Amino acid sequence: KAAAAASPSSSPPPPPMSPAPQAASPAEDRRGGRAPVPPYVKAAAGSVGGVMEACCLQPIDVIKTRLQLDRSGAYRGIAHCGTTVVRSEGVRALWKGLTPFATHLTLKYALRLGSNAVLQSAFKDPGTGKVSAHGRLASGFGAGVLEALLIVTPFEVVKIRLQQQKGLSPDLLRYKGPIHCARTIVTEEGLFGLWAGALPTVMRNGTNQAAMFTAKNTFDIVLWKKHEGDGKVLQPWQSMISGFLAGTAGPICTGPFDVVKTRLMAQGRTGDIKYKGMVHAIRTIYAEEGLRALWKGLLPRLMRIPPGQAIMWAVADQVMGLYERSYLQPAHM
């Protein structure tokens, strides 16, 4: 009877249902289940890139500083300034201040990329894991302010004091080296002498980094379809193009801050103090030298900063890519 009762059309009992897989979070969907690159890795990547940038581009920075400090028209342009320095002081003079400059860039980029990564994580949308345009600008500005106060200002004060000295003979130089220069400034001007020009430096670096991080991300998306956190590692030449383009906007926007910063850092806090502060310096330079003087040294800045960003990002992106390939799941290219 049981066999007769079984209908030919009856279906077998359904198999036991397996538990439904949990939906991946938006961040996991975007990154393919991989963790993000930690801020300390980004900081290390920035340090390596900073060393390479300093060694390659120090001569342009020396020329920029000399042009910005030239009030009498002794230099007729970039080429004339460079040849004059080489003829009168030797080729090595083009690498004056390299030690503080390289150390400064190493620490600056470590702090810049690391702090920007931390700040961006604070601005991420918890639902999508993405950073808005305003959050990216705020993160870049905050990173620029931190680097300006903690690293850039004291190192640039020492660098500019060394670069403005003419000649190579130690006996004829006021400052014998970076450490001697820093000690002399602290002794004669107090500890805060190392922070001369801090306000224009904060304004310059904050604005620069807000523009740079936003522009770098934008160019990566537009040119290479590379979204932050998607696991794709750019080729070095792609990173160089994005970095170069991202580094062009800042110098144009922040030229007056850079000129004022250099003048305030160079004059010190003792003796003949010509400029009493950022606003007074801007007004004085405009009244005595004209509007164009506020953008003195712009061309060498454009010759140094965009190539510097190209070098730095080419190295930094590869270091971060190496970490991703070694310690995270393989990136989908």
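Values below: every heavy atom of this structure, side chains too, minus hydrogens, waters and symmetry copies. Remember, it's a predicted structure, so these values are computed and weren't measured experimentally.
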Could you check whether any side-chain N or O of Thr65 sits under 3.5 Å from a backbone N or O of Ile160, counting only pairs where one atom can act as donor and the other as acceptor? no
When hydrophobic residues are tied together by side-chain contacts of less than 4.5 Å, even through go-betweens, does Leu107 share a cluster with Met52? no
Pairs in or reaching into residues 234-254: which pass salt bridge (charged side-chain N to carboxylate O under 4.0 Å, His left out), with residues at least two apart or in two chains? none
Donor-acceptor pairs are to be reported for all side-chain atoms of residues 297-308 against protein atoms at under 3.5 Å, with residues two or more places apart or in another chain.
residue, atom, partner, partner atom, Å
Arg301, NE, Asp258, OD2, 3.4
Arg301, NH1, Pro251, O, 3.4
Arg304, NE, Asp61, OD1, 3.1
Arg304, NH1, Glu53, OE2, 3.4

Single-linkage hydrophobic cluster, 4.5 Å side-chain cutoff, Met203 and Trp295 together: yes
Under 4.0 Å between a Lys/Arg side-chain N and an Asp/Glu carboxylate O for Glu289 and Lys296? yes
Is Lys232 reaching over with its side chain to a backbone N or O of His227, donor-acceptor style, under 3.5 angstrom? no
Flag the pair Leu245 / Gln309 as yes when at least one side-chain heavy-atom distance between them is below 4.5 Å, and no otherwise. no
Hey, any chance Ile179 and Leu194 share a hydrophobic cluster, counting ILVMFWY side chains that come within less than 4.5 Å of each other, even indirectly? no
Decide ring-ring contact (aromatic ring centres under 6.0 Å, His included) for Trp224 and Trp237; before the verdict, give the C-alpha distance in whole Å, the side-chain angles of both, and the deciding distance to 0.1 Å. CA-CA 11 Å; Trp224 321 119; Trp237 64 270; 5.2 Å; yes
Regarding Glu324 and Lys42, does a basic nitrogen lie under 4.0 Å from an acidic carboxylate oxygen? no
Separation between CD (Gln267) and CG (Leu69), nearest 0.5 Å, reads 11.0 Å
Does Gln163 offer a backbone N or O that forms a donor-acceptor pair with the side chain of Arg66 under 3.5 Å? yes
Is Asp317 paired with Lys216 through a side-chain N to carboxylate O contact shorter than 4.0 Å? yes
Are Val91 and Val62 co-members of a hydrophobic cluster defined by side-chain heavy atoms under 4.5 Å apart? no
Does Glu147 come within less than 4.0 Å of Lys108, counting only side-chain N to carboxylate O? no
Identify whether Leu98 and Val85 are in the same connected component of the hydrophobic contact network (ILVMFWY, side-chain heavy atoms under 4.5 Å). yes
Is the closest side-chain heavy-atom distance between Phe219 and Ile241 below 4.5 Å? no
May I ask you to say whether Arg283 pairs ionically with Glu288, meaning some side-chain N is under 4.0 Å from a carboxylate O? no
If the test is side chain to side chain contact (heavy atoms under 4.5 Å, CB included), which one of Leu264, Leu149, Thr153 qualifies with Thr201? Thr153
